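Let me begin by presenting the structure, written as C-alpha cells, before commenting on it.
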Amino acid sequence: MTAQTPIHDWHATHGGKLVDFAGWRLPVSYGDGVIAEHLATRKHGGLFDISHMGRFSVRGPQAQAWLASLLTNDPGKLNPGRAQYTLISNQAGRPLDDAFLYQQKPEQYLLVVNASNHDKDLLWLQEHLGGGVELEDHSSRLAMLAVQGPDSEKLLASLLAEPLPPAGRNHGGFNRLGGVEMYVSRTGYTGEPVSFELFLPWEEAEAVWDKLAVSGAPLGVVPVGLGARDTLRLEAGLPLYGHEYRKDRPIMAMPTAKFGVDLNPERGDFQGRAALEAQAQALASGQYGEVPRRVFAVAGLAKGMMREGSEVLAGGRPLGELTSGTMIPAWQFAGDAPGEEHYNRPLGLALLASNTQMGQEVEINYRKHALPGRVVKSFTRPLGRYLEPIQFDGGAK
Amino acid sequence: MSEAKKAPEGLYYTKEHEWVKLEGDLAVVGLTDFAQDQLGDITYVELPEVEAEVEQMGEMCVVESVKTAADVYAPLSGVVAEVNSALEDAPELINQDCYGTGWLVKLSGFDQAELDNLMDAVAYVQLMAQGE
C-alpha cells in the first residue's frame, strides 16, 4: 500500500502521471512533461509537493547538544530562522542519509530526511536518543511544499501575510498564507538562487497548493513532478542518496559534503568524526587512501546520451562510472536572462579515481557509443535571480 | 483519449508499436500513442544516418525517455531517405504529436509485399486490448 500526500487528489485531477516512489504515490510529471517543467522552473518557477520527505521534530533543552552529537554539521552555528545542510554518519564515516536541519525556535528544530531513508533514520535517532530531547515524527502531520525559481519570490510576496524571510540562503521564519500558519525557508534542491520551502499543517496543504498554482500560473510558475526534480538537482550538481551517497561509500567522496561536515576542533566529538577526519586528510594529502574514488561532474560534449552506470574512460583507461546521468534541457540565454530557445545536453555525476583532474577529457560509454565528455567544476552558475547553464566547447576528437 | 488518436485508420502497425504511413514513394515511420505513453517523457532520440539501410524488424534507432531506452525497429526494409531532425532539440514532439510532427524517419525503396506482415488499426488496437 503506497501512501498519499495531502496533494494527491489535486495531482490526480490535474494531469499528474502518478508513480510509486519510496512508498509514496507521486507525479513524475504533469501534462507538459519533464522538459517543459524543468525549463519553466529555470525561467519562471516551479511548485513541488515534497510532503513524502521525512520530517522529524527535535525539541528540548538538550536538542542542540544531541543533534551536534549525531549530525556532521554543527547546529551550534544556527540561530532561530536559519538552516543548514548536514549528514547522518555512522561511526565509519558512511552516510545513513543526507539531510537539512532547520532551527525554528531556540529549542526547536526540524530535521528533513529522504523519504527512502525515513524508517532507518528514525530508528537510528531513537536508538541514540538522550535525555532532555523530545523526538517526534511529524512526517504525516506537516506537509512540505517547495517554490523554486526566479519568480518564486514575487509569487510568495503576493500571498504571504508577513514579510518574506531576509534575503540570503537558508534564512527562514514563521508566516501565514490565507490564514494558514507556516514556516517559510529560503532553501531547496534545484540550485535556484531564489528558492523557498514551506512547512504547513497536512490538512491545509491542498488549499495552499491550489492558491500557489492558481496565482503562479500567470507568472509561468508551474507544478513540477519527480522527473524534473531529478534533472534540476542533477544540473545543479546536487547529490541524491542511493546514487552519489551510498551506505558503503565514504561521505567525503561527494564534494558537496564539505558544506555539511564541520570538523572544527572546538566542536567536540560526534558520530563518525574520526573517520571523516581520516577521509578529509586523505583528500588533502593527495594520497587518497581512504577515498580512492570521488564524485565529479561530467559534461557530454556532443550529441548522445549517458545514464547511471555508464563507464567513464580517459584515453581508453577506465576512471569510473556514472552515479547519475541523463539528458538535461537548458535555456539559451539572451543577455542576462533566459531567451526563447532551448537545447538539450547530456550531463552526469560520476564516481571517478580521486586523482582525476578538472578539465580531463573523457569518453562515456553508453550502449554502442562512446560520447566525448569533460570533467567540469559545475554545469551552472548563478546570474542575478537566474541559474545560467555553463556552455562547454566541443570535445577533442 | 479517442481511439482515433490511439491508432488512426489507414496506417500500418507493428507489434513493437511503430506505425507506417505511405506517402507516395516514401514510408513515414513513427511511434504509436501507446508506445509514447508507455515510455513517458522522451528526452533524446538517436536517429539513423540518412542513406542507412534497414531491414524489416531490424533495429533502426533508439528513443530515450526519463525512464528507459527503447529500440525502435524498422517496420519495412528500405533506405533511410529522411530523418526528423526537429527531434534533436525537441524530442518531446513524440509525446505531443506522435502521428504528426513527432515522426521519426522516412524510408524509400521498400517492398510493398512486406506491408502484409504489418497490422491495420483494428488489429493493432485489438492487440493492445489483449495486452492490457
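None of the values given here were measured: they were computed from a predicted structure. In what follows, chains carry the letters A, B, and so on, assigned in the order in which the sequence lines appear, proteins first and then strands, with residues in each chain numbered from 1. Scope of the values below: all heavy atoms of this structure, side chains included, with no hydrogens, waters or symmetry mates.
Heavy-atom neighbours of A:Arg246 CZ from other residues, nucleotides or ligands within 6.0 Å: at or below the threshold of 12.
Residues that satisfy the side-chain contact (heavy atoms from CB on, under 4.5 Å) test with A:Val19, not counting sequence neighbours, are A:Val28, A:Leu226.
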Would you mind checking chain A against chain B for donor-acceptor pairs under 3.5 Å and listing them?
from, atom 1, to, atom 2, distance (Å)
A:Ser29, OG, B:Asp41, OD2, 3.0
A:Val34, N, B:Asp41, OD1, 3.2
A:Val34, N, B:Asp41, OD2, 3.4
A:Gly304, N, B:Tyr44, OH, 3.3
A:Arg307, NE, B:Glu64, OE1, 3.0
A:Arg307, NH1, B:Ser65, O, 3.4
A:Arg307, NH2, B:Glu64, OE1, 2.6
A:Arg307, NH2, B:Ser65, O, 2.7
A:Arg307, NH2, B:Thr68, O, 3.0
A:Asn344, ND2, B:Asp89, O, 3.4
A:Tyr366, OH, B:Glu64, OE1, 2.9
A:Tyr366, OH, B:Glu64, OE2, 2.8
A:Arg367, NH2, B:Asp71, OD1, 2.6
A:Lys368, NZ, B:Glu59, OE1, 2.7
A:His369, NE2, B:Glu46, OE1, 3.2
A:His369, NE2, B:Glu46, OE2, 2.8

